[in-house]
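The structure appears below as structure tokens.
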Amino acid sequence: MSNTPDSAVRTWIEGHRAAFLDDLVEWLRIPSVSADPGRASDVRRSAEWLQAKLKETGFPAVEIWETAGAPAVFAEWPSGEPDAPTVLVYGHHDVQPAAREDGWHTEPFEPVVKDGRLYARGAADDKGQVFFHTLGVRAHLAATGRTAPAVNLKLLVEGEEESGSPNFPALVRAHADRLACDAVIVSDTGMWSADTPTVCTGMRGLTDCQIDLYGPDQDIHSGSFGGAVPNPAMEAARLAAALHDEQHRVTIPGFYDGIAELTDAERELFAELPFDEQQWLRTAHSHGTLGEAGYSTLERIWARPTAEVNGIGGGYQGPGGKTIVPSSAQLKLSFRLVAGQDAEVIERSLSAWVADRLPEGIRHEVTFWGATRPCLTPLDHPALQAVVRAMGKAFGQKIRFTREGGSGPAADLQDVLGAPVLFLGISVPSDGWHAPNEKVELDLLMKGVETAAHLWGELAETGRTGRD
């Protein structure tokens, strides 16, 4: 167990809270929207601002890493201890687009503090959650009397996460030696709620595609030719309908091979969460639940793989009727993947499944748009338990566990670096990621600072114990 004194950490943080928030507000004013080519200079300005602030924090090595797109920021602070583990913190400094006319109550890049909340684009996703590490490491040093962290600390803050991280895998591979570590901390995530602090243990992966189907060389008369030639719109519908069986399981051969099944302990922990399914349905704007038989709603969205029809089209879409056999149709599909699944294997299996189901006379193309790997850290992993202890000290209560149904670039770090991925975030669902009036709860933000202050000692102790 780390011997970082709780009271000393809390007192030091409170004394430096105002200056920390002033700095964060300054960073939030930079509209680092990676999806907008017109904001490229702002994204670079954001990287340069962070570079300067990390140097001011005390990191002896801070660099801007160029990519084919937006720049990333790398920082490194060696511990000086010969047996110290190495920890890499991941986050991003780019943000989603935002404009007052989208429904913001205030200008999205003019931060406003009101009722204990900081409103601005990027306040929670992800500048606030990146920046709490700067105050956290300083609190760690002040409370322990150290001149360097208890771990070899590295930061990688990318600039294209909100644009799908197109250059991130190549960046990680190119700098794998500099990024080598014993654990990865992802601070681009959230908690169940302010009253129920949680640690996320994994994210699903993703692959998606478009299937284009071609029949006649042009639209043809359904009276003269219908019923005697293949109809690509009908075949698109058949494919969509055949994607699941009556138990709502995906029918693609081998789809479930090798997946990491939920343990009884994980299912029990999920069941402990105060989940209100009716409230969840209201949030989803849905009128009922449906999914793979034998699993709860949370299990389905966190720990089971899925196949979704994202779009289907073909033929005449105008008013009234038009009696034709259309010449083409298309189907857009996405697959959320869990630990044990490989996107390339799934893509090959889907391509074979489609080819086997189409009749003669239908030509087709399957186009994939790239993939994100799933990642999962076992509940009993020592590094995960170190995060839980640090968070427990900050929040003063039991820490529970979740997974993330979405997908992100964290798995690229796990895949290339071979290190466990651990999630540390303090954002709550009401923070409105990607939505108007994004905010962060200031008291929770400071709990993130406090957790980070305890975490480096906890991980150092875990690393030493693991080598004994």
Side-chain angles (χ1 to χ4, degrees), residues 183 186 189-206 244-252 254-284 286 288-308 334-343 346 372-392 395 397-408 410-411 414 420-429:
V186 173
T189 186
M191 306 190 303
W192 181 265
S193 70
D195 298 327
T196 307
T198 54
V199 172
C200 176
T201 62
M203 298 182 76
R204 293 193 292 188
L206 171 69
H244 298 88
D245 64 17
E246 64 279 1
Q247 299 299 313
H248 302 285
R249 285 176 60 86
V250 180
T251 58
I252 298 169
F255 186 77
Y256 295 95
D257 290 355
I259 69 171
E261 297 286 352
L262 272 166
T263 66
D264 290 341
E266 286 175 303
R267 300 187 83 166
E268 290 172 5
L269 289 168
F270 287 178
E272 287 181 2
L273 294 167
F275 178 60
D276 183 336
E277 192 163 90
Q278 292 306 309
Q279 177 60 48
W280 180 85
L281 280 171
R282 287 191 289 271
T283 302
S286 181
T289 62
L290 186 68
E292 186 181 359
Y295 295 92
S296 70
T297 297
L298 288 182
E299 290 167 354
R300 288 169 180 165
I301 60 176
W302 286 348
R304 298 300 295 170
T306 65
E308 294 292 341
S334 64
F335 300 86
R336 297 288 175 170
L337 310 178
V338 299
Q341 289 181 302
D342 185 295
I346 298 299
T372 301
R373 292 179 177 272
C375 63
L376 178 65
T377 300
L379 290 175
D380 59 356
H381 195 287
L384 176 61
Q385 291 304 312
V387 175
V388 171
R389 289 194 300 272
M391 207 168 182
F395 282 86
Q397 64 185 96
K398 180 179 179 179
I399 306 301
R400 290 180 165 82
F401 298 93
T402 64
R403 292 196 200 176
E404 173 58 59
S407 307
Q414 184 182 61
V421 172
L422 314 164
F423 295 85
L424 170 57
I426 49 74
S427 184
V428 290

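Just so you know, these numbers come straight off a predicted model, no measurement behind them.
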Exercise for the section: Could you pull out all residues at least two apart from F270 that satisfy ring-ring contact (aromatic ring centres under 6.0 Å, His included)? Expected result: W302
Handout entry: Worked check of side chain to side chain contact (heavy atoms under 4.5 Å, CB included) between W280 and I301
Key = CA-CA 12 Å; W280 180 85; I301 60 176; 4.1 Å; yes
Practice task
Look only at the side chain of E266 and the backbone of P378, and say whether a donor-acceptor pair between them is shorter than 3.5 Å.
Solution key: no
Problem - Side-chain donor or acceptor of R204 paired with backbone N/O of G406 under 3.5 Å - result: no
Exercise for the section: Report yes if some heavy atom in the side chain of F423 is under 4.5 Å from a heavy atom in the side chain of M203; otherwise report no. Expected result: yes
Problem - CZ/R403: more than 12 non-hydrogen atoms of other groups inside 6.0 Å - result: yes
Problem - Spacing of L273 atom CG and W192 atom CH2 [to the nearest 0.5 Å] - result: 5.0 Å
Exercise for the section: Please check if the side chain of T189 supplies one atom and the backbone of G425 the other of a donor-acceptor pair under 3.5 Å. Expected result: no
Exercise for the section: Could you please spell out the steps behind the side chain to side chain contact (heavy atoms under 4.5 Å, CB included) verdict for L376 and T201? Expected result: CA-CA 6 Å; L376 178 65; T201 62; 4.1 Å; yes
Handout entry: Evaluation steps, salt bridge (charged side-chain N to carboxylate O under 4.0 Å, His left out), between R267 and E299
Key = CA-CA 8 Å; R267 300 187 83 166; E299 290 167 354; 2.8 Å; yes
Handout entry: Main-chain N/O of F255 paired with Q341 side-chain donor or acceptor, under 3.5 Å
Key = yes
Problem - S407 (side chain) donor-acceptor with G205 (main chain) under 3.5 angstrom - result: yes
Practice task
Examine distances only and state if a side-chain atom of T283 and a backbone atom of Q279 form a donor-acceptor pair shorter than 3.5 Å.
Solution key: yes
Problem - Side chains of R400 and T196, donor plus acceptor under 3.5 Å - result: no
Handout entry: Nearest-0.5 Å distance, CG of residue L384 to CZ of residue R389
Key = 10.0 Å
Problem - Minimum side-chain heavy-atom gap L422-V186 below 4.5 Å - result: no
Problem - side chain to side chain contact (heavy atoms under 4.5 Å, CB included) partners for E292, two or more places apart - result: R249, Y256, Y295, R304
Practice task
Using only heavy-atom distances, determine whether the side chains of T297 and E277 contain a donor-acceptor pair under 3.5 Å.
Solution key: yes
Completion exercise
Value for NE2 (H244) from OG1 (T306), rounded to nearest 0.5 Å, stands at 7.0 Å
